[in-house]
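Below is one structure, written out as structure tokens; the observations come after it.
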There are 2 protein chains.
Amino acid sequence: MPDQTPEPPDFFAWHRPLLDRAVAATADRGHWTPYPESPSTKVYGEDSPKRGEAAFRDQLGAPFDLPGHPGEGAVEPRETSPYGFALGVTYPRVAPDEAVAAAKAATGRWREAGPDVRAGVAAEMLARLNAASFEIAHAVQHTTGQAFVMAFQAGGPHAQDRGLEAVAYAWAEQKRHPGEARWSKPQRRGGPLVMDKKFTPVGRGVSLLIACNTFPTWNGYPGLFASLVTGNPVVVKPHPGAVLPLAITVRIAREVLAEAGFDPNVVVLAAEEADERTAGVLARHPDVRIIDFTGSTEFGDWLEATARQAVVHTEKAGLNTVVLDSTDDYRGLLGNLAFSLSLYSGQMCTTPQNLLIPREGFTTDQGVRSAAEFAADLGAALDGLLDEPGRAAATLGAIVNGQVLERLDRACALGRTVRASASVEDPEHPEAVIRTPLLALLDAQADRETYSREWFGPVSFVIATDSTAHSLRVFLETVRRHGALTAAVHSTSEAVLAAAEAAALNAGVHLSENLTGGVFVNQSAAFSDFHGSAANPAASATLSDPAFVTGRFATLQSRRPVASEEPAHA
Amino acid sequence: MPDQTPEPPDFFAWHRPLLDRAVAATADRGHWTPYPESPSTKVYGEDSPKRGEAAFRDQLGAPFDLPGHPGEGAVEPRETSPYGFALGVTYPRVAPDEAVAAAKAATGRWREAGPDVRAGVAAEMLARLNAASFEIAHAVQHTTGQAFVMAFQAGGPHAQDRGLEAVAYAWAEQKRHPGEARWSKPQRRGGPLVMDKKFTPVGRGVSLLIACNTFPTWNGYPGLFASLVTGNPVVVKPHPGAVLPLAITVRIAREVLAEAGFDPNVVVLAAEEADERTAGVLARHPDVRIIDFTGSTEFGDWLEATARQAVVHTEKAGLNTVVLDSTDDYRGLLGNLAFSLSLYSGQMCTTPQNLLIPREGFTTDQGVRSAAEFAADLGAALDGLLDEPGRAAATLGAIVNGQVLERLDRACALGRTVRASASVEDPEHPEAVIRTPLLALLDAQADRETYSREWFGPVSFVIATDSTAHSLRVFLETVRRHGALTAAVHSTSEAVLAAAEAAALNAGVHLSENLTGGVFVNQSAAFSDFHGSAANPAASATLSDPAFVTGRFATLQSRRPVASEEPAHA
């Protein structure tokens, strides 16, 4: 052991070029990522896959170690892999009050460190999370049910992208105003009035992350990193079904904090068991001043109405909609849409649910296809995509929990099924619960109540309308009222595309047009695509934009007079 | 009349240099203003004072004309000048639903115009408001009771500064992201995936301005202009006691809108009579999506809790505090503080109320002065400042309404008065109700309940504490709990100043240090000083910063694939 405490590393100097590049990327919105999305040994090193898997396996059935973490005893959330085994990991038990108090007590030095130091520490956390991508991928796969490659990409590099994007916005936004300024106001008589002013960004207080079961890291990192970089400690409250990916995240965050000379309790894990319902208790704690939530509309609405002491960012549910007017690539359309519906069994907040098409049909390069014909064609495209069990399993992943299966049963009971959901056997994971998408044919008028609710999971509706104009009206009305995270349109007419863009602006949703190739409506690219718009009921936040960070801190000012003989600052 | 509709003027091209300079000023935070604060004929022209007064006089007793304004009939708010006469102006009567509907119906073209055009129109409004500064000054004087020079400065150029500052933030914030971008993601096999993306800032919806009696324009312009420039129509709901200054503002705004080719109902006046209480009705209207409010804590809290459909910005009440530790310019301190307490009879949201001083006294260049001695000295300084009626009237202005007088009576009834409030006769306005500040001596321990409430008006407390450390504790606790818009400290010790700065950061309030000259704690300079911090209960907004504008719009996106053979955008 060395005699002296070593100087903490200067993470900011180290990561400054990355941070500058990230800020530039938020402004130019082209393609950019520092975290390669390919789970390849060429990128991540020969041993990485093996070491990542071993780290995951070693953790199973064991207590998760977080040195110096507050709390006493253990919680056993009984995480179960949708691929058919119990994780058996236990986590430190920390009461809500204790978690908030520990985080609050860690605030001081973190606040004083300033935006540069905090951004550097955050970038180092992300670098180490990137290095741990294989371990995190296994943790994500076996809590969410995502197939491995998706778990790697969405849970690893893509989540890290979204984290870095939040770091970039948070860092830049705090530097909009100078740290110091001299104000000199000429007077009609005598010398000017001169004041020296200081401007200090100060975080709002303890931040609470309430994470979801399906994308614990991707949906969690933006709020986590935005709050950290703006000077707030964060209490991480994972979904009881998906604790491990965030526990690994918290472990890495705390390691970096400690190395950088900060109290590791700047990030605290508040794991809970399935029925403890600590989120509501934490959310009402008077010292919790920021909340980031991904999950159900019901709890999101409750948070917005109840946690009045906090700035609340929510991502809830919505009615993701596709308007089908015409296409010159019917085959591409069907293939693209079939993949969008199948990816992770439709368990994405961005999966299309309502497919609006004129009853009499839409024009394609293969002739006019009626709503019923289109539904049949899409069903066939799904069959084609999913006919080989290995590929089907790699696309569908597994069903995250029993609620999705219940919803699937209810959709089946509607009696409008065009393509039934079926079980798929994953050759590698015989215990996995895997289902293909169900497609039902509805009527825009008669079935409004049915399709105006979110059916999270592998359930989509082909909805017959009177015309494209009617489709656009239904799109506008339902999304304005119930929200949506994504929308898409297919048309060969510039006029219809313009009308769809206008409707999307009115509905407050982002729009994808004529996707027939390798880009899918349920995917959004960090630094280029906004996720969520904060302009419809599905989400009060984007991940990320300036509005996502400005409410997390205040710029406080002090000023003092300068004696006129004193020279100006260098 | 010309045969053809003339092209609308290009206000953006015209004002672009001003807008660029304003954006730069928000970032460098030195002294800057384009609107001269001196009510001088050299600046504003030989005829301006006369024409402004004539415009005001001509309006008295007459209906206020707003061509094309919605509504039917008239409201008579019975505005009464604190200088002793009835204004007798009537305004269009427009029901809350009708006002919101008219504003909403005007949204379309205003939204489509984009940030540049809107910023240009807003800058032109401000240029014409500046030209109308004398008319507005009389309207402000005779609704708020501010003395003429203050009414001119705070109601005219300084309010215009704050308006332009909001324009600058709103304009810049909408241009953080490009209007268009091309995204090109390399693929392992084949050409890249290429998408063209459009980014469009879209306003949240109808904005409601609920203005106050004392600073209708200064506190009103930031929200008005921030909402306009971010693409939102604004319903202006003035305090029934101070309609005229905002009616003039609305008239000018509508003139510019019409000239620029927009529906003038982008700005609507919703005047009301004294007991109509339309603010609450307007605030709960589902189409009202943004609210800016200045006024009582009670109504502000109600708005924040109730108007859940809107982004709510409030400026409420607080406990403005001065910590007295030591000074090397006792005379300067007393003179500066006496002026701060006297300016507009303490009817500023920034006037110091609680003066914390060690019971045994603080060190000055004139020896140690106990709390009681300091109170007596400050009383004498007030006497000296206000002994000449003309100067007293020019400093104090008049009492805005009966509630302030009632509060003064209650303060007197505390029985702790050190310096009594007195009537002053304004030689020019014998009917004016004018009062000098009351100073009472309290104890930090025993009188906590008394000084933990806001006593809006000419009431301040010298509060005896055990020590400066105790003063800082009381400062921190009371401001954190009850809020404050200003705080000040006097000390010759850098350690104490540092401790005061730390306490102010913890309390979430801006701090002024050692003001003994021509800068006063109740004044904040646009483009340099933030007004309000959004970090304590007194205000959820600053006027202005990025957080003040980011919630008023969303950036919506559309994207479409680019065929690989298509050349890149020029």
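Below, read A as the first sequence line, B as the second, and so on, with proteins coming before strands; counting in each chain starts at 1. None of the values given here were measured: they were computed from a predicted structure. All heavy atoms count here, side chains included; hydrogens, waters and symmetry mates do not.
In terms of non-hydrogen atom pairs under 4.5 Å with chain B, the most contact-rich of A:R188, A:E501, A:M195 is A:E501. With chain B as partner, the option from A:A305, A:G205, A:A172 having the largest number of non-hydrogen pairs under 4.5 angstrom is A:A305. Taking B:V549, B:V202, B:L511, B:D28 one by one and counting their heavy-atom pairs under 4.5 Å with chain A, the maximum is reached by B:L511. If you tally non-hydrogen atom pairs under 4.5 Å between each of A:S540, A:A504, A:A502, A:G508 and chain B, the highest count goes to A:G508. In terms of heavy-atom pairs under 4.5 angstrom with chain A, the leader among B:P178, B:A181, B:S38 is B:P178. Contact count versus chain B (heavy atoms, under 4.5 Å) is highest, among A:A27, A:A554, A:A535, for A:A27. The candidate with the highest count of non-hydrogen atom pairs below 4.5 Å against chain A, out of B:A487, B:G30, B:P546, is B:P546.
Using modelled atom types and a 3.5 Å distance limit, the side chains of A:R111 and B:N506 yield a donor-acceptor pair. Under the 3.5 Å distance criterion, with hydrogens and angles disregarded, no donor-acceptor pair is assigned to the side chains of B:K197 and B:S558. For the residue pair B:N522 and B:T350, no side-chain donor N or O sits within less than 3.5 Å of a side-chain acceptor on the partner. In this model, a donor atom of one side chain and an acceptor atom of the other lie less than 3.5 Å apart for B:T33 and B:D161. Looking only at atom types and distance, the side chain of A:E165 has no donor-acceptor partner in the side chain of A:T26 under 3.5 Å away. Of the N and O atoms on the side chains of B:T230 and B:N232, at least one donor lies less than 3.5 Å from an acceptor on the other residue.
With a 4.5 Å cut-off on non-hydrogen atoms, B:S512 touches chain A through its backbone and its side chain both. Contacts between A:T555 and chain B at a heavy-atom distance below 4.5 Å involve backbone atoms as well as side-chain atoms. With a threshold of 4.5 angstrom between heavy atoms, A:V489 does not approach chain B through any atom at all. Heavy atoms closer than 4.5 Å to chain B are found nowhere in A:R289, neither backbone nor side chain. The parts of B:Q557 that come within reach of chain A are both its backbone and its side chain, each placing non-hydrogen atoms under 4.5 angstrom from that chain. At a 4.5 Å heavy-atom cutoff, the contact between B:F199 and chain A is made by side-chain atoms alone. Contacts between A:R308 and chain B at a heavy-atom distance below 4.5 Å involve the side chain alone, from C-beta outward. When heavy atoms are compared at a cutoff of 4.5 Å, A:L193 approaches chain B solely by way of its side chain, counted from C-beta outward. For chain B, the nearby part of A:R204 is the side chain; its heavy atoms alone come within less than 4.5 Å. Heavy atoms of A:D529 lying under 4.5 Å from chain B belong to its backbone as well as its side chain. If you measure heavy-atom distances from A:F548 to chain B, you find no contacts under 4.5 Å at all. The parts of A:S533 that come within reach of chain B are both its backbone and its side chain, each placing non-hydrogen atoms under 4.5 angstrom from that chain. Of the two parts of B:E173, only the side chain, counted from C-beta on, holds a non-hydrogen atom closer than 4.5 Å to a non-hydrogen atom of chain A. For chain B, the nearby part of A:E37 is the side chain; its heavy atoms alone come within less than 4.5 Å. Only the backbone of B:V509 comes within less than 4.5 Å of a heavy atom in chain A; its side chain stays farther off.
Once rounded to the nearest 0.5 Å, the distance linking OG1 of B:T516 with CG of B:D328 reads 7.5 Å.
In this pair, A:W183 and B:H31 present their aromatic rings perpendicular. The plane angle is above 60°, beyond the 30 to 60° band. Taking the six-membered ring where the residue is Trp, B:H177 and A:Y169 present perpendicular rings, their angle passing 60° and hence far from 30°.
Considering only heavy atoms from C-beta on, A:D287 stays 4.5 Å or farther from A:Q309 through its side chain. Counting heavy atoms from C-beta outward, B:N514 and B:L497 have side chains that approach closer than 4.5 Å. Residues B:R182 and B:V562 are in side-chain contact: their nearest non-hydrogen atoms beyond the backbone lie under 4.5 Å apart.
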Verdict with supporting geometry, A:L333 and A:N336, side chain to side chain contact (heavy atoms under 4.5 Å, CB included): CA-CA 5 Å; A:L333 182 158; A:N336 186 284; 5.9 Å; no
